[in-house]
There are 2 protein chains.
Amino acid sequence: MTTQGRVTIADVAARAGVSVATVSKVINSRYGVAEATALVVREVIDDLGYESSLVARSLRSHRTNVLGILVAEFEPFSAELLKGASSAVAGTGYELLAYSAGGRADGNAGWERRSLSRLSGTLIDGAILVTPTVVDVQQGVTVVAVDPHTGPSHLPTIDSDNLAGAVRATEYLLALGHRRIGFLGGRTDLESARLRDEGFRQAMAAAGVAVDPGLVRVGGYRRETAEPVARELLAGPGRPSAVFAANDISAIATIDAARELNLSVPADLSVIGFDNVPESALTTPPLTTIAQPIQEMGAQALRVLVEALTGGEVPAHVRLPTALVERASCAPPARPA
Amino acid sequence: MTTQGRVTIADVAARAGVSVATVSKVINSRYGVAEATALVVREVIDDLGYESSLVARSLRSHRTNVLGILVAEFEPFSAELLKGASSAVAGTGYELLAYSAGGRADGNAGWERRSLSRLSGTLIDGAILVTPTVVDVQQGVTVVAVDPHTGPSHLPTIDSDNLAGAVRATEYLLALGHRRIGFLGGRTDLESARLRDEGFRQAMAAAGVAVDPGLVRVGGYRRETAEPVARELLAGPGRPSAVFAANDISAIATIDAARELNLSVPADLSVIGFDNVPESALTTPPLTTIAQPIQEMGAQALRVLVEALTGGEVPAHVRLPTALVERASCAPPARPA
DNA sequence: CTGTTAGCGCATTCAC
DNA sequence: GTGAATGCGCTAACAG
């Protein structure tokens, strides 16, 4: 008797010669089942490789023990977050479901709300939103945000010290002797991008160096958007001697653009990034960058979510430190200004 | 009127002043709705940020346009696969759902069958199984496997040329002058691990160098399992002058073990890995390794799955090439044997 | 102790 | 264009 398609609780019941109710009780270890019966049922379950359907179960019990991580797409940053969350979820009894809105990243604002709509209320007990733009808190779902949009939010939030990191990056370039420093900004709707911009300006002002508006661009954090902008920034006549890119993806795009223009990094152009995704070590030359503890951010987000779900004390805001990682993409300018 | 909890189709209907049936038709672009009505409905949908519930929809139509990637946990290898699949999914009309069995990786054999049971038939239209052990094809779900278990399988499979890669790695160490070469094997249930072992032995035999059984261990591909074994391998009196680790995680664990034992890499010990996950560039010294095109494997897996779902021709097996990536963890032995 | 029965929730799809 | 029945696998309440 080949069971066709999925194995359902009915298959198990039939094979074990009991009712579905009894099987359900065995699965959920309820009282009222003879040990002998339970034994048989468990055997059949093992035998058939039965596992209850997430959908059907959530339909009734409104509890799935599954936590969602909602991202726009799986790129280096969200992948690191996932690794961190995955290591933190072990032992909590929860499982992890990562959902990507489909990668159509552009005209796709509001993906977080839509993804949440699709999954919540039924499939997942709670969610981690990664770089969400719209966060009008939907009641009925427990949610924490990682690196969210600009403006106040009532969600528990995990981020890193973007301002201090950006100041550090800029100071580093200044200390090397750079004065014509370009800034390749991030997604303007995100608080992190705003703070990195602000940190850049603060550090420049503190050093008494004027920011040349022509050297400040928006790269949008993504390779496709950052690359043409980087090329533009470097192609002009008054090109910068150093670029602070708001994330590593943009920094990598900048290095590639420099190569195309026959500019040598770091001899002709210094580049510093932000994030320290693993990819940053793979560039030629390896990228100097500001590290965020991304995996730790993912782990913290998961812990906060579990805490919120179990009714514990939830911090409104967790901020992790950033640090400079010196590799080889920065050097003193060829002819100091 | 604050909609509480999720926005349902009923909310949309009420707000638009039509019936739920009409809304459903508009969503699925069925005939029989006046253009004016449809316009109003679409406006309300946008306004409310409505998105159909995955659960409810799959309940009726058995089609969700969601593809699953099932992994044991989110670690570097599966994360790379995810990136590749994510980039390939854009434009296909599908969305991606990655599901992790919970990270309790050990006594957890059969996770792939359980995960598949939980999600299939309802939530996802098809699945990519990553390093599955048990692959007794469940009817009713379209599935492709990446780097599956040993033995014949009737699933479309994506992998890389593990044998050639392992031969290449071993030849590289031999060419440097190493003779006492250790092998830190992978998960014995996976075909990839078997082939890497075989490639090692083939290359050794071809060079006329005997394999010292005391230098061959099983590291299981995971950090927790590989680290103690690596320590053991290096602590003994007749320690190897070079180690070929079956994946980068094991290689990194080997480098760490060497550091603890005050062995310098590569002066006292050469280490070569397999996979070329981004993390391999972050070690000190950076790891020399055999690259698999992991992202490309993820992208191919996704393409094959979509092809299978749309009834196209599906290759039984896609094998991608491997290549040596020379970094800095290998050197000639201190005193050639 | 076990079986029967009635929903759970939401989108779809008849028949009108 | 609408109302109402229906789909799914599971669980809870109660009956036997």
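The chains referred to below are lettered A, B, ... by the order of the sequence lines, with proteins before strands, and numbering in each begins at 1. Note that the structure is predicted; figures quoted are calculated from it, not measured.
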Residues [X], [Y]: salt bridge by 4.0 Å N-O rule:
{"X": "A:Asp47", "Y": "A:Arg15", "result": "yes"}
{"X": "A:Glu73", "Y": "B:Lys83", "result": "no"}
{"X": "A:Glu95", "Y": "B:Arg118", "result": "yes"}
{"X": "A:Arg42", "Y": "A:Glu35", "result": "yes"}
{"X": "B:Arg303", "Y": "B:Glu296", "result": "yes"}

Item to check | Test item: B:Asp147 side-chain N/O and B:Thr131 main-chain N/O as donor-acceptor pair under 3.5 Å | outcome: no

Next on the checklist: For C:dC10 and B:Arg57 - does any side-chain N or O of the residue sit under 4.0 Å from the phosphate oxygens OP1/OP2?
Outcome noted: no

Item to check | B:Tyr50 vs C:dA11: side-chain N/O to OP1/OP2 distance below 4.0 Å | outcome: yes

Tell me the interatomic distance from [X], atom [atom1], to [N], atom [atom2], rounded to whole angstroms.
{"X": "A:His62", "N": "D:dC10", "atom1": "NE2", "atom2": "P", "result": "16 Å"}
{"X": "B:Arg118", "N": "D:dG9", "atom1": "CZ", "atom2": "P", "result": "15 Å"}
{"X": "B:Asn65", "N": "C:dA11", "atom1": "CG", "atom2": "P", "result": "16 Å"}
{"X": "B:Leu54", "N": "D:dC8", "atom1": "CG", "atom2": "C1'", "result": "14 Å"}
{"X": "A:Arg63", "N": "C:dC8", "atom1": "CZ", "atom2": "C1'", "result": "17 Å"}
{"X": "B:Glu51", "N": "C:dA11", "atom1": "CD", "atom2": "P", "result": "10 Å"}

Checklist entry - Checking all strands, does B:Val33 fall into the base, sugar-phosphate, or nothing category for heavy-atom contacts under 4.0 angstrom? => result sugar-phosphate

Checklist entry - How is B:Tyr31 classified with respect to the nucleic acid when contacts are heavy atoms under 4.0 Å: base, sugar-phosphate, or nothing? => result nothing

Hey, what are the protein-to-nucleotides 13-16 of chain C N/O distances that come in under 3.5 Å?
residue: C:dT13; atom: OP2; partner: B:Arg30; partner atom: NH2; Å: 3.4

Checklist outcome for this item: In numerical order, the residues of residues 37-47 of chain B whose heavy atoms come under 4.0 Å of DNA chain C are none

Consider the side chain of [X], meaning its heavy atoms from C-beta on, and name the nucleotide among [options] that approaches it most closely.
{"X": "B:Ser19", "options": "C:dT12, D:dT2, C:dC10", "result": "D:dT2"}
{"X": "A:Thr8", "options": "D:dG1, D:dG9, C:dA11", "result": "D:dG9"}
{"X": "A:Val18", "options": "C:dG3, C:dC8, D:dT2", "result": "C:dG3"}

Checklist entry - How long is the span from the OG atom in B:Ser115 to the CG atom in A:Leu54, to the nearest 0.5 Å? => result 10.0 Å

Next on the checklist: Run the salt bridge (charged side-chain N to carboxylate O under 4.0 Å, His left out) test against A:Glu224 and tell me which residues pass, sequence neighbours left out.
Outcome noted: A:Arg222

Checklist entry - What is the minimum heavy-atom distance between A:Ala13 and A:Val20, and which atoms define it? => result CB-N, 3.7 Å

